[in-house]
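As C-alpha coordinates, the structure follows; a few thoughts come after it.
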Amino acid sequence: MAKRMRCTCFPPSASVVGVGSAAIGPSCPAWHSPHHGRRDEGGEYAMKFFSEQDREGLKASEECEPRTPLPLRMVASEEYLPIAQTVKQRAAEQRLYALADSIAPKLGMTRRRFFQTSAGMAAGFVALNQTFGPLFAVTPAEAATPEAASERAETLANQFIMDMHTHFLRDDTQLTHFVSMRESVAAQGWNPQLKEGEQTIEDLKFQNYFKEVFLDSDTKIALISSAPSEIPEDWFLTNRQMAQARERVNESAGSSRMMTHAIMTPEKPGWLDDLDAALELKPDSLKGYTVGDNTHKGLSRHPWRMDSRETYRGYEKAQAAGIRNICVHKGLWGRAMDERFPILAPYARVDDVAQAAKDWPQLNFIIYHAGYRLDDPEWALAEFERTGRIDWVTDLAEIPEKHGVTNVYADLGQIFAQTLIAQPRICAAIMGQLIRGLGVDHVCWGTDAVWTGSPQWQIEGLRRLEIPDDMRRAHGFAPLGPADGPVKSAIFGGNNARLYGVDQAGLGELNTDRFAAAKREYLAAGARPTNRRYGYVRSG
(Lines give C-alpha, C1' and ligand atoms only; values in the text may rest on other atoms or scores of the structure.)
Protein backbone atom coordinates (compact mmCIF):
# COMPACT_ATOMS: atom_id res chain seq x y z
CA MET A 1 0.00 0.00 0.00
CA ALA A 2 1.29 3.42 -0.87
CA LYS A 3 2.23 5.60 2.08
CA ARG A 4 -0.14 8.49 2.80
CA MET A 5 1.43 11.91 2.36
CA ARG A 6 1.57 14.20 5.39
CA CYS A 7 -1.14 16.83 5.18
CA THR A 8 0.20 20.35 4.72
CA CYS A 9 -3.08 22.14 4.06
CA PHE A 10 -2.81 24.13 7.23
CA PRO A 11 0.12 25.46 9.22
CA PRO A 12 1.59 23.02 11.73
CA SER A 13 0.64 25.36 14.59
CA ALA A 14 -2.83 24.31 15.74
CA SER A 15 -3.10 27.53 17.73
CA VAL A 16 -3.34 29.59 14.57
CA VAL A 17 -5.96 27.86 12.48
CA GLY A 18 -7.39 25.58 15.10
CA VAL A 19 -6.32 22.40 13.39
CA GLY A 20 -2.88 21.07 12.58
CA SER A 21 -1.65 18.24 10.42
CA ALA A 22 -1.90 15.77 13.26
CA ALA A 23 -5.51 16.71 13.87
CA ILE A 24 -6.39 16.20 10.23
CA GLY A 25 -4.74 12.78 10.22
CA PRO A 26 -6.75 9.85 8.85
CA SER A 27 -9.70 11.98 7.80
CA CYS A 28 -7.53 14.03 5.46
CA PRO A 29 -9.40 14.24 2.15
CA ALA A 30 -8.64 12.34 -1.00
CA TRP A 31 -6.88 15.22 -2.69
CA HIS A 32 -3.98 14.31 -0.36
CA SER A 33 -3.16 11.15 -2.26
CA PRO A 34 0.33 9.87 -3.03
CA HIS A 35 2.26 11.09 -6.04
CA HIS A 36 2.51 8.19 -8.42
CA GLY A 37 5.14 9.75 -10.65
CA ARG A 38 3.50 8.89 -13.96
CA ARG A 39 5.85 11.22 -15.82
CA ASP A 40 8.41 13.86 -14.95
CA GLU A 41 8.71 17.52 -15.84
CA GLY A 42 10.09 16.77 -19.25
CA GLY A 43 7.46 14.15 -19.97
CA GLU A 44 5.36 13.70 -23.06
CA TYR A 45 2.66 16.15 -22.08
CA ALA A 46 4.73 18.83 -20.36
CA MET A 47 4.18 22.27 -21.89
CA LYS A 48 1.89 20.75 -24.52
CA PHE A 49 0.35 24.08 -25.47
CA PHE A 50 3.55 26.11 -25.85
CA SER A 51 5.72 25.40 -28.88
CA GLU A 52 9.50 25.39 -28.64
CA GLN A 53 9.52 28.82 -30.28
CA ASP A 54 6.99 30.08 -27.73
CA ARG A 55 9.04 28.80 -24.85
CA GLU A 56 12.17 30.57 -26.02
CA GLY A 57 10.48 33.90 -25.43
CA LEU A 58 9.02 33.11 -22.00
CA LYS A 59 10.37 33.40 -18.51
CA ALA A 60 8.89 32.60 -15.14
CA SER A 61 7.36 35.68 -13.58
CA GLU A 62 9.22 34.94 -10.33
CA GLU A 63 12.50 34.94 -12.23
CA CYS A 64 12.27 38.36 -13.80
CA GLU A 65 9.38 40.34 -12.31
CA PRO A 66 10.20 42.31 -9.14
CA ARG A 67 8.02 41.85 -6.05
CA THR A 68 5.95 44.94 -6.77
CA PRO A 69 2.52 45.23 -5.10
CA LEU A 70 0.80 44.75 -8.47
CA PRO A 71 2.22 43.24 -11.66
CA LEU A 72 3.60 45.65 -14.25
CA ARG A 73 3.48 43.33 -17.22
CA MET A 74 1.12 40.59 -18.36
CA VAL A 75 1.55 37.37 -16.39
CA ALA A 76 -0.15 34.40 -18.02
CA SER A 77 -0.84 30.83 -17.05
CA GLU A 78 -0.63 28.03 -19.59
CA GLU A 79 -4.07 29.03 -20.91
CA TYR A 80 -2.64 31.70 -23.20
CA LEU A 81 0.57 33.42 -24.23
CA PRO A 82 1.46 36.69 -22.50
CA ILE A 83 2.18 39.94 -24.31
CA ALA A 84 5.56 41.53 -23.72
CA GLN A 85 5.82 44.46 -21.34
CA THR A 86 4.65 47.59 -23.12
CA VAL A 87 6.46 50.92 -23.19
CA LYS A 88 3.85 52.39 -20.85
CA GLN A 89 4.10 49.50 -18.43
CA ARG A 90 7.87 49.94 -18.33
CA ALA A 91 7.34 53.64 -17.61
CA ALA A 92 4.91 52.79 -14.81
CA GLU A 93 7.44 50.38 -13.34
CA GLN A 94 10.18 53.03 -13.32
CA ARG A 95 7.82 55.55 -11.73
CA LEU A 96 6.93 53.06 -9.03
CA TYR A 97 10.60 52.45 -8.26
CA ALA A 98 11.20 56.19 -8.07
CA LEU A 99 8.28 56.60 -5.68
CA ALA A 100 9.48 53.75 -3.48
CA ASP A 101 13.05 55.01 -3.43
CA SER A 102 11.89 58.46 -2.36
CA ILE A 103 9.53 57.20 0.35
CA ALA A 104 10.91 53.94 1.79
CA PRO A 105 14.21 55.34 3.22
CA LYS A 106 12.27 58.00 5.12
CA LEU A 107 10.24 55.24 6.72
CA GLY A 108 13.29 53.13 7.51
CA MET A 109 12.17 50.45 5.09
CA THR A 110 13.68 48.57 2.21
CA ARG A 111 11.96 48.88 -1.13
CA ARG A 112 10.60 45.34 -0.86
CA ARG A 113 9.22 45.91 2.62
CA PHE A 114 7.57 49.14 1.48
CA PHE A 115 5.93 47.24 -1.35
CA GLN A 116 4.37 44.88 1.24
CA THR A 117 2.49 47.74 2.94
CA SER A 118 -0.79 49.47 2.14
CA ALA A 119 1.21 52.57 1.26
CA GLY A 120 3.24 50.53 -1.22
CA MET A 121 0.03 49.28 -2.83
CA ALA A 122 -1.17 52.89 -3.10
CA ALA A 123 2.14 53.80 -4.76
CA GLY A 124 1.46 51.21 -7.45
CA PHE A 125 -1.76 52.96 -8.42
CA VAL A 126 -0.11 56.37 -8.26
CA ALA A 127 2.41 55.08 -10.81
CA LEU A 128 -0.42 53.85 -13.05
CA ASN A 129 -2.14 57.23 -12.83
CA GLN A 130 1.08 59.03 -13.68
CA THR A 131 1.45 56.81 -16.75
CA PHE A 132 -2.08 56.22 -18.06
CA GLY A 133 -3.96 59.19 -16.69
CA PRO A 134 -6.14 59.62 -13.58
CA LEU A 135 -8.23 56.44 -13.56
CA PHE A 136 -7.61 55.41 -9.96
CA ALA A 137 -8.74 57.10 -6.73
CA VAL A 138 -5.36 57.54 -5.05
CA THR A 139 -3.03 60.41 -4.17
CA PRO A 140 0.75 60.62 -3.71
CA ALA A 141 0.07 61.67 -0.11
CA GLU A 142 -1.55 58.27 0.59
CA ALA A 143 1.50 56.48 -0.74
CA ALA A 144 3.79 58.62 1.41
CA THR A 145 1.74 58.26 4.60
CA PRO A 146 1.55 54.69 5.85
CA GLU A 147 -0.83 55.64 8.64
CA ALA A 148 -3.38 57.05 6.18
CA ALA A 149 -3.00 54.08 3.83
CA SER A 150 -3.38 51.60 6.69
CA GLU A 151 -6.42 53.40 8.05
CA ARG A 152 -8.11 53.22 4.65
CA ALA A 153 -7.24 49.53 4.32
CA GLU A 154 -8.62 48.76 7.78
CA THR A 155 -11.83 50.65 7.01
CA LEU A 156 -12.43 48.46 3.95
CA ALA A 157 -11.11 45.18 5.38
CA ASN A 158 -14.56 43.90 6.34
CA GLN A 159 -16.06 44.58 2.91
CA PHE A 160 -17.92 41.49 1.75
CA ILE A 161 -15.96 39.95 -1.11
CA MET A 162 -17.04 36.68 -2.66
CA ASP A 163 -14.51 35.42 -5.22
CA MET A 164 -16.18 32.68 -7.25
CA HIS A 165 -13.25 31.93 -9.52
CA THR A 166 -10.15 30.52 -7.80
CA HIS A 167 -7.82 27.58 -8.29
CA PHE A 168 -5.29 25.38 -6.58
CA LEU A 169 -3.80 22.06 -7.73
CA ARG A 170 -4.31 18.63 -6.21
CA ASP A 171 -1.46 17.15 -4.20
CA ASP A 172 -0.92 14.28 -6.64
CA THR A 173 -0.96 16.58 -9.68
CA GLN A 174 1.02 15.53 -12.71
CA LEU A 175 0.96 19.08 -14.09
CA THR A 176 4.56 19.74 -13.18
CA HIS A 177 4.91 21.95 -16.25
CA PHE A 178 3.26 24.71 -14.19
CA VAL A 179 6.67 25.17 -12.60
CA SER A 180 9.03 23.22 -14.85
CA MET A 181 10.33 26.39 -16.52
CA ARG A 182 10.78 28.26 -13.27
CA GLU A 183 14.25 28.54 -11.89
CA SER A 184 15.15 28.40 -8.25
CA VAL A 185 13.91 31.63 -6.68
CA ALA A 186 13.21 32.95 -3.21
CA ALA A 187 9.90 31.68 -1.89
CA GLN A 188 8.24 32.32 1.47
CA GLY A 189 5.44 30.35 3.04
CA TRP A 190 2.65 32.01 4.99
CA ASN A 191 4.36 31.15 8.28
CA PRO A 192 6.98 33.91 8.88
CA GLN A 193 9.22 31.35 10.57
CA LEU A 194 9.56 29.27 7.43
CA LYS A 195 12.90 29.63 5.73
CA GLU A 196 13.13 30.78 2.14
CA GLY A 197 13.73 28.06 -0.39
CA GLU A 198 13.10 27.00 -3.96
CA GLN A 199 9.75 27.56 -5.58
CA THR A 200 8.03 24.28 -6.28
CA ILE A 201 4.70 22.96 -7.40
CA GLU A 202 3.69 23.28 -3.72
CA ASP A 203 3.14 27.00 -4.32
CA LEU A 204 0.14 26.13 -6.45
CA LYS A 205 -1.41 23.89 -3.79
CA PHE A 206 -3.68 24.64 -0.89
CA GLN A 207 -1.33 25.87 1.83
CA ASN A 208 -0.04 28.74 -0.30
CA TYR A 209 -3.55 29.33 -1.67
CA PHE A 210 -4.75 29.73 1.91
CA LYS A 211 -2.16 32.44 2.56
CA GLU A 212 -2.68 34.32 -0.69
CA VAL A 213 -6.48 34.25 -0.64
CA PHE A 214 -7.55 34.21 3.01
CA LEU A 215 -4.63 35.93 4.77
CA ASP A 216 -3.25 38.38 2.24
CA SER A 217 -6.55 39.50 0.73
CA ASP A 218 -9.93 40.71 1.93
CA THR A 219 -11.71 37.76 0.32
CA LYS A 220 -14.34 36.28 2.62
CA ILE A 221 -15.74 33.39 0.58
CA ALA A 222 -14.11 31.64 -2.36
CA LEU A 223 -15.22 29.03 -4.84
CA ILE A 224 -12.66 26.43 -5.83
CA SER A 225 -12.79 25.57 -9.50
CA SER A 226 -11.03 23.15 -11.78
CA ALA A 227 -10.38 22.39 -15.42
CA PRO A 228 -10.94 19.11 -17.27
CA SER A 229 -8.48 17.27 -19.45
CA GLU A 230 -8.46 14.39 -21.89
CA ILE A 231 -5.80 13.00 -19.53
CA PRO A 232 -7.72 12.05 -16.36
CA GLU A 233 -4.74 12.69 -14.09
CA ASP A 234 -4.41 16.22 -15.42
CA TRP A 235 -7.64 17.64 -14.06
CA PHE A 236 -6.61 20.40 -11.62
CA LEU A 237 -8.92 18.75 -9.09
CA THR A 238 -11.47 16.03 -9.69
CA ASN A 239 -15.10 16.73 -8.85
CA ARG A 240 -14.81 14.55 -5.77
CA GLN A 241 -11.61 16.26 -4.67
CA MET A 242 -13.30 19.66 -4.94
CA ALA A 243 -16.21 18.47 -2.84
CA GLN A 244 -13.85 17.02 -0.25
CA ALA A 245 -11.83 20.24 -0.24
CA ARG A 246 -14.98 22.23 0.46
CA GLU A 247 -15.94 19.92 3.31
CA ARG A 248 -12.52 19.93 4.94
CA VAL A 249 -11.90 23.66 4.52
CA ASN A 250 -15.27 24.62 5.96
CA GLU A 251 -14.87 22.17 8.81
CA SER A 252 -11.43 23.58 9.58
CA ALA A 253 -12.64 27.19 9.33
CA GLY A 254 -15.73 26.57 11.42
CA SER A 255 -17.82 28.39 8.84
CA SER A 256 -18.79 28.33 5.17
CA ARG A 257 -15.66 29.76 3.53
CA MET A 258 -15.50 27.62 0.41
CA MET A 259 -17.88 26.61 -2.35
CA THR A 260 -17.18 24.41 -5.33
CA HIS A 261 -17.93 23.73 -8.93
CA ALA A 262 -18.45 20.38 -10.52
CA ILE A 263 -16.98 20.18 -14.01
CA MET A 264 -19.19 19.00 -16.85
CA THR A 265 -17.78 17.70 -20.14
CA PRO A 266 -20.52 17.56 -22.82
CA GLU A 267 -19.82 15.40 -25.89
CA LYS A 268 -17.25 13.29 -24.04
CA PRO A 269 -18.22 9.60 -23.94
CA GLY A 270 -19.99 8.77 -20.69
CA TRP A 271 -20.28 12.41 -19.68
CA LEU A 272 -23.88 12.17 -18.48
CA ASP A 273 -22.98 9.33 -16.12
CA ASP A 274 -20.08 11.41 -14.87
CA LEU A 275 -22.45 14.33 -14.37
CA ASP A 276 -24.82 12.15 -12.36
CA ALA A 277 -21.94 11.20 -10.09
CA ALA A 278 -20.87 14.82 -9.77
CA LEU A 279 -24.36 16.01 -8.88
CA GLU A 280 -24.48 13.50 -6.04
CA LEU A 281 -21.63 15.53 -4.47
CA LYS A 282 -23.96 18.53 -4.15
CA PRO A 283 -21.82 21.10 -6.00
CA ASP A 284 -22.74 24.76 -5.70
CA SER A 285 -22.66 25.21 -9.48
CA LEU A 286 -21.47 23.56 -12.67
CA LYS A 287 -18.62 24.72 -14.87
CA GLY A 288 -17.55 23.77 -18.37
CA TYR A 289 -14.97 24.66 -21.00
CA THR A 290 -16.54 24.77 -24.45
CA VAL A 291 -13.12 24.26 -26.08
CA GLY A 292 -12.83 20.97 -24.21
CA ASP A 293 -9.36 20.31 -22.83
CA ASN A 294 -8.08 23.82 -22.16
CA THR A 295 -4.90 22.55 -20.49
CA HIS A 296 -3.75 20.52 -23.49
CA LYS A 297 -5.52 22.19 -26.39
CA GLY A 298 -3.64 20.05 -28.88
CA LEU A 299 -5.25 16.97 -27.37
CA SER A 300 -8.78 18.36 -27.10
CA ARG A 301 -11.26 16.12 -28.92
CA HIS A 302 -14.57 17.05 -27.34
CA PRO A 303 -15.46 20.73 -27.74
CA TRP A 304 -19.14 21.59 -27.30
CA ARG A 305 -21.69 24.34 -27.72
CA MET A 306 -23.81 25.78 -24.95
CA ASP A 307 -26.91 25.56 -27.16
CA SER A 308 -26.56 21.99 -28.43
CA ARG A 309 -29.16 19.30 -27.88
CA GLU A 310 -26.56 17.14 -26.13
CA THR A 311 -25.59 19.91 -23.70
CA TYR A 312 -29.27 20.50 -22.95
CA ARG A 313 -29.45 16.98 -21.52
CA GLY A 314 -26.94 18.13 -18.91
CA TYR A 315 -28.90 21.28 -18.13
CA GLU A 316 -31.96 19.13 -17.55
CA LYS A 317 -30.09 17.03 -15.01
CA ALA A 318 -28.67 20.12 -13.30
CA GLN A 319 -32.06 21.74 -12.97
CA ALA A 320 -33.58 18.55 -11.58
CA ALA A 321 -30.81 18.45 -8.98
CA GLY A 322 -31.48 22.04 -7.91
CA ILE A 323 -28.43 23.55 -9.62
CA ARG A 324 -29.22 26.94 -11.17
CA ASN A 325 -25.77 28.35 -11.98
CA ILE A 326 -23.94 27.19 -15.11
CA CYS A 327 -20.47 28.74 -15.35
CA VAL A 328 -18.75 28.60 -18.73
CA HIS A 329 -15.18 29.49 -19.65
CA LYS A 330 -15.15 31.69 -22.75
CA GLY A 331 -12.67 33.96 -24.45
CA LEU A 332 -8.99 34.28 -23.49
CA TRP A 333 -8.46 33.25 -27.08
CA GLY A 334 -5.95 35.31 -29.05
CA ARG A 335 -6.09 35.62 -32.82
CA ALA A 336 -2.99 33.49 -33.26
CA MET A 337 -4.86 30.60 -31.65
CA ASP A 338 -7.41 30.68 -34.48
CA GLU A 339 -4.69 29.37 -36.77
CA ARG A 340 -3.12 27.01 -34.27
CA PHE A 341 -6.39 25.39 -33.21
CA PRO A 342 -8.88 26.05 -36.05
CA ILE A 343 -11.25 23.28 -34.97
CA LEU A 344 -11.54 24.66 -31.43
CA ALA A 345 -11.65 28.35 -32.36
CA PRO A 346 -15.43 28.59 -33.02
CA TYR A 347 -16.15 27.17 -29.57
CA ALA A 348 -14.26 29.96 -27.76
CA ARG A 349 -16.74 32.64 -28.88
CA VAL A 350 -19.95 33.70 -27.17
CA ASP A 351 -22.36 33.12 -30.09
CA ASP A 352 -23.94 30.11 -28.36
CA VAL A 353 -24.87 31.93 -25.15
CA ALA A 354 -28.09 33.68 -26.16
CA GLN A 355 -30.00 30.64 -27.40
CA ALA A 356 -29.09 28.61 -24.33
CA ALA A 357 -30.27 31.47 -22.11
CA LYS A 358 -33.54 31.75 -24.02
CA ASP A 359 -34.21 28.02 -23.89
CA TRP A 360 -33.34 27.68 -20.20
CA PRO A 361 -34.69 30.77 -18.41
CA GLN A 362 -34.62 28.92 -15.08
CA LEU A 363 -30.81 28.69 -15.23
CA ASN A 364 -28.19 31.41 -14.83
CA PHE A 365 -25.36 31.41 -17.36
CA ILE A 366 -22.22 32.97 -15.89
CA ILE A 367 -19.62 33.60 -18.59
CA TYR A 368 -16.11 33.52 -17.23
CA HIS A 369 -13.58 36.14 -18.33
CA ALA A 370 -16.61 37.94 -19.80
CA GLY A 371 -15.71 36.25 -23.09
CA TYR A 372 -12.82 38.70 -23.73
CA ARG A 373 -11.01 37.96 -26.98
CA LEU A 374 -7.55 38.66 -25.47
CA ASP A 375 -6.21 41.24 -27.89
CA ASP A 376 -3.21 43.48 -27.52
CA PRO A 377 -4.67 46.02 -25.07
CA GLU A 378 -3.48 49.09 -26.96
CA TRP A 379 -4.99 47.74 -30.19
CA ALA A 380 -8.19 46.83 -28.35
CA LEU A 381 -8.43 50.36 -26.95
CA ALA A 382 -7.88 51.90 -30.38
CA GLU A 383 -10.60 49.67 -31.84
CA PHE A 384 -12.96 50.57 -29.03
CA GLU A 385 -12.38 54.27 -29.59
CA ARG A 386 -12.90 53.80 -33.33
CA THR A 387 -15.90 51.46 -33.28
CA GLY A 388 -17.27 51.42 -29.73
CA ARG A 389 -16.81 47.64 -29.60
CA ILE A 390 -14.59 45.24 -27.67
CA ASP A 391 -14.32 41.81 -29.26
CA TRP A 392 -16.70 39.31 -27.69
CA VAL A 393 -17.26 41.48 -24.57
CA THR A 394 -19.60 43.76 -26.53
CA ASP A 395 -21.29 40.71 -28.04
CA LEU A 396 -21.91 39.34 -24.56
CA ALA A 397 -23.12 42.67 -23.18
CA GLU A 398 -25.64 43.07 -26.03
CA ILE A 399 -27.37 39.72 -25.44
CA PRO A 400 -30.05 40.96 -22.99
CA GLU A 401 -31.25 43.76 -25.27
CA LYS A 402 -31.03 41.76 -28.48
CA HIS A 403 -32.58 38.54 -27.17
CA GLY A 404 -34.77 39.61 -24.28
CA VAL A 405 -33.10 37.47 -21.62
CA THR A 406 -32.16 38.33 -18.05
CA ASN A 407 -30.13 35.26 -17.05
CA VAL A 408 -26.73 36.04 -18.60
CA TYR A 409 -23.92 37.14 -16.27
CA ALA A 410 -20.25 38.04 -16.65
CA ASP A 411 -17.52 36.86 -14.29
CA LEU A 412 -14.48 39.14 -14.63
CA GLY A 413 -11.69 36.58 -14.20
CA GLN A 414 -8.45 37.19 -16.07
CA ILE A 415 -9.68 40.10 -18.16
CA PHE A 416 -9.85 42.46 -15.21
CA ALA A 417 -6.42 41.40 -13.97
CA GLN A 418 -4.71 41.75 -17.33
CA THR A 419 -6.31 44.88 -18.72
CA LEU A 420 -6.10 46.74 -15.41
CA ILE A 421 -2.31 46.86 -15.56
CA ALA A 422 -1.82 46.73 -19.34
CA GLN A 423 -4.23 49.51 -20.37
CA PRO A 424 -6.62 50.60 -17.61
CA ARG A 425 -8.72 52.61 -20.08
CA ILE A 426 -9.75 49.41 -21.86
CA CYS A 427 -10.42 47.88 -18.42
CA ALA A 428 -12.70 50.83 -17.66
CA ALA A 429 -14.40 50.43 -21.04
CA ILE A 430 -15.01 46.73 -20.37
CA MET A 431 -16.59 47.55 -17.02
CA GLY A 432 -18.72 50.26 -18.60
CA GLN A 433 -19.99 47.98 -21.36
CA LEU A 434 -20.77 45.07 -19.07
CA ILE A 435 -22.65 47.21 -16.56
CA ARG A 436 -24.57 49.09 -19.26
CA GLY A 437 -25.48 45.94 -21.21
CA LEU A 438 -25.93 43.24 -18.59
CA GLY A 439 -26.79 45.47 -15.64
CA VAL A 440 -24.73 46.18 -12.55
CA ASP A 441 -26.48 43.25 -10.86
CA HIS A 442 -25.15 40.85 -13.51
CA VAL A 443 -21.39 41.52 -13.24
CA CYS A 444 -19.64 39.16 -10.81
CA TRP A 445 -16.34 39.09 -9.00
CA GLY A 446 -13.81 36.40 -9.87
CA THR A 447 -10.02 36.73 -9.99
CA ASP A 448 -8.62 33.40 -11.23
CA ALA A 449 -6.30 33.40 -8.21
CA VAL A 450 -3.85 31.93 -7.46
CA TRP A 451 -2.54 32.07 -11.01
CA THR A 452 -2.52 35.86 -10.63
CA GLY A 453 -1.11 35.76 -7.10
CA SER A 454 -3.02 37.12 -4.16
CA PRO A 455 -6.27 38.70 -5.35
CA GLN A 456 -5.72 41.76 -3.14
CA TRP A 457 -4.20 43.91 -5.88
CA GLN A 458 -7.23 43.23 -8.07
CA ILE A 459 -9.54 44.08 -5.17
CA GLU A 460 -7.68 47.36 -4.73
CA GLY A 461 -7.87 47.92 -8.48
CA LEU A 462 -11.66 47.78 -8.55
CA ARG A 463 -11.96 49.78 -5.35
CA ARG A 464 -9.97 52.60 -6.93
CA LEU A 465 -10.95 52.37 -10.62
CA GLU A 466 -13.24 54.95 -12.17
CA ILE A 467 -14.45 55.28 -15.76
CA PRO A 468 -13.00 58.53 -17.14
CA ASP A 469 -15.37 61.45 -17.71
CA ASP A 470 -14.72 61.59 -21.44
CA MET A 471 -15.54 57.89 -21.83
CA ARG A 472 -18.71 58.22 -19.77
CA ARG A 473 -19.90 61.15 -21.90
CA ALA A 474 -19.05 59.44 -25.20
CA HIS A 475 -20.63 56.07 -24.40
CA GLY A 476 -23.24 56.75 -21.75
CA PHE A 477 -21.46 54.75 -19.07
CA ALA A 478 -22.44 55.22 -15.44
CA PRO A 479 -19.72 55.96 -12.86
CA LEU A 480 -18.39 53.11 -10.77
CA GLY A 481 -18.44 55.22 -7.61
CA PRO A 482 -16.78 54.78 -4.22
CA ALA A 483 -14.87 51.68 -3.12
CA ASP A 484 -17.73 50.63 -0.86
CA GLY A 485 -20.53 52.19 -2.89
CA PRO A 486 -23.49 50.27 -4.34
CA VAL A 487 -21.91 49.47 -7.73
CA LYS A 488 -18.67 48.01 -6.44
CA SER A 489 -20.31 46.32 -3.46
CA ALA A 490 -22.70 44.54 -5.84
CA ILE A 491 -19.83 43.35 -8.02
CA PHE A 492 -17.59 42.32 -5.13
CA GLY A 493 -20.14 40.24 -3.32
CA GLY A 494 -23.79 41.15 -3.60
CA ASN A 495 -24.38 39.59 -7.00
CA ASN A 496 -22.59 36.33 -6.19
CA ALA A 497 -24.38 36.15 -2.85
CA ARG A 498 -27.74 36.39 -4.60
CA LEU A 499 -26.77 33.80 -7.22
CA TYR A 500 -25.53 31.34 -4.61
CA GLY A 501 -28.19 31.93 -1.97
CA VAL A 502 -25.89 33.50 0.62
CA ASP A 503 -27.62 35.70 3.19
CA GLN A 504 -25.19 38.57 3.83
CA ALA A 505 -27.07 39.51 6.99
CA GLY A 506 -26.02 36.22 8.57
CA LEU A 507 -22.30 36.35 7.87
CA GLY A 508 -21.12 37.41 11.32
CA GLU A 509 -19.50 33.98 11.67
CA LEU A 510 -16.85 35.01 9.15
CA ASN A 511 -15.53 37.53 11.68
CA THR A 512 -15.24 34.98 14.46
CA ASP A 513 -14.24 31.72 12.78
CA ARG A 514 -10.79 30.11 12.84
CA PHE A 515 -9.75 31.73 9.55
CA ALA A 516 -10.55 35.15 11.01
CA ALA A 517 -8.49 34.31 14.10
CA ALA A 518 -5.60 33.16 11.92
CA LYS A 519 -5.71 36.41 9.97
CA ARG A 520 -5.75 38.54 13.13
CA GLU A 521 -2.68 36.70 14.42
CA TYR A 522 -0.98 36.99 11.04
CA LEU A 523 -1.61 40.74 10.84
CA ALA A 524 -0.53 41.28 14.44
CA ALA A 525 2.77 39.57 13.68
CA GLY A 526 3.30 41.88 10.70
CA ALA A 527 1.82 40.80 7.39
CA ARG A 528 4.28 39.80 4.71
CA PRO A 529 2.52 39.55 1.33
CA THR A 530 4.67 37.66 -1.13
CA ASN A 531 3.76 39.93 -4.06
CA ARG A 532 4.33 36.92 -6.28
CA ARG A 533 2.56 35.86 -9.41
CA TYR A 534 2.48 32.25 -10.62
CA GLY A 535 2.87 32.26 -14.37
CA TYR A 536 4.94 33.36 -17.31
CA VAL A 537 5.97 36.67 -18.82
CA ARG A 538 7.37 37.41 -22.24
CA SER A 539 10.95 38.61 -22.04
CA GLY A 540 12.06 41.75 -23.79
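In this text, all values refer to a predicted model and were calculated from it rather than measured experimentally.
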Is any side-chain N of the basic residue among [X] and [Y] closer than 4.0 Å to the acidic one's carboxylate O?
| X | Y | value |
| --- | --- | --- |
| E93 | R90 | no |
| E147 | R152 | no |
| E142 | R464 | yes |
| R528 | D216 | no |
| R463 | D218 | yes |

message: Would R425 and F132 count as a cation-pi pair here, with the cationic atom under 6.0 angstrom from the ring centre and within 45° of the axis?
response: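 Geometry flag: not set, cation outside 6.0 Å or 45°.
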- prompt: Taking only residues two or more places apart in sequence or in another chain, which ones pass ring-ring contact (aromatic ring centres under 6.0 Å, His included) with F160?
  reply: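 For F160, no residue satisfies ring-ring contact (aromatic ring centres under 6.0 Å, His included) once neighbours in sequence are set aside.
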Look at the side chain of [X] and the backbone N and O of [Y], then say whether any donor-acceptor pair between them is shorter than 3.5 Å.
| X | Y | result |
| --- | --- | --- |
| D376 | E378 | yes |
| D163 | A222 | no |
| N495 | V440 | yes |
| W392 | A348 | no |
| Q241 | T238 | yes |
| T117 | G120 | yes |
| S454 | E212 | yes |

task: Please assess L465 against L480 for the test side-chain contact (heavy atoms from CB on, under 4.5 Å), listing each intermediate value before the final yes or no.
output: CA-CA 7 Å; L465 180 67; L480 299 178; 4.0 Å; yes
field: No-hydrogen, no-angle side-chain donor-acceptor test under 3.5 Å, T131 and K88
entry: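 On atom types as modelled, these side chains do not qualify, holding no pair under 3.5 Å.
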Student check: side-chain heavy atoms of [X] and [Y] closer than 4.5 Å:
| X | Y | answer |
| --- | --- | --- |
| R538 | M74 | no |
| N325 | M164 | no |
| L412 | M431 | yes |
| P377 | I83 | yes |

query: Hey, which of L510, V249, L215, N250 is the one that makes side chain to side chain contact (heavy atoms under 4.5 Å, CB included) with F515?
result: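 Result for side chain to side chain contact (heavy atoms under 4.5 Å, CB included) with F515: V249.
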message: Within a 6.0 Å radius of atom CD on E466, are there more than 12 heavy atoms belonging to other residues, nucleotides or ligands?
response: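 Enclosed.
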message: A quick test of your reading: do over 12 heavy atoms of other residues, nucleotides or ligands sit less than 6.0 Å from CD of E509?
response: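 Enclosed.
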Rounded distance [0.5 Å steps], [atom1] in [X] versus [atom2] in [Y]:
| X | Y | atom1 | atom2 | result |
| --- | --- | --- | --- | --- |
| D411 | K330 | CG | NZ | 14.5 Å |
| L420 | Q458 | CG | CD | 7.5 Å |
| T260 | L237 | OG1 | CG | 8.0 Å |

query: Could you walk me through whether Q414 and Q418 pass the side-chain hydrogen bond (donor to acceptor under 3.5 Å, both in side chains) check?
result: CA-CA 6 Å; Q414 284 280 351; Q418 302 302 354; 2.8 Å; yes
message: For Y368 and H261: C-alpha separation, side-chain torsions, deciding distance, then whether ring pair (Phe, Tyr, Trp, His ring centres under 6.0 Å) applies.
response: CA-CA 13 Å; Y368 275 28; H261 282 142; 5.8 Å; yes
- request: Determine, using ring centers only, whether F416 and W445 are less than 6.0 Å apart.
  value: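 Yes, the ring of W445 comes within the 6.0 Å limit of the ring of F416, centre to centre.
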- request: Check the pair L70, F125 against side-chain contact (heavy atoms from CB on, under 4.5 Å), reporting the backbone distance first and the verdict last.
  value: CA-CA 9 Å; L70 67 169; F125 290 99; 4.0 Å; yes
query: Which of parallel (below 30°), tilted (30 to 60°) and perpendicular (above 60°) describes H329 and H369?
result: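 Taking H369 first and then H329, their aromatic rings stand perpendicular (interplane angle over 60°).
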query: Can you name the closest pair of heavy atoms from L396 and A370 and give their distance?
result: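 Nearest pair, atom of L396 first, then A370: CD2-O, 3.5 Å.
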task: Under the side-chain contact (heavy atoms from CB on, under 4.5 Å) rule, what do S489 and V487 come out as? Steps first, then yes or no, please.
output: CA-CA 6 Å; S489 294; V487 171; over 6 Å; no
Salt bridge (charged side-chain N to carboxylate O under 4.0 Å, His left out), paired with D513, selected from R257, R520, K519, K220: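 Single pass found, and it is R257.
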message: One pair to check against side-chain contact (heavy atoms from CB on, under 4.5 Å): D375 and D391. What are the steps and the verdict?
response: CA-CA 8 Å; D375 288 307; D391 272 5; 3.9 Å; yes
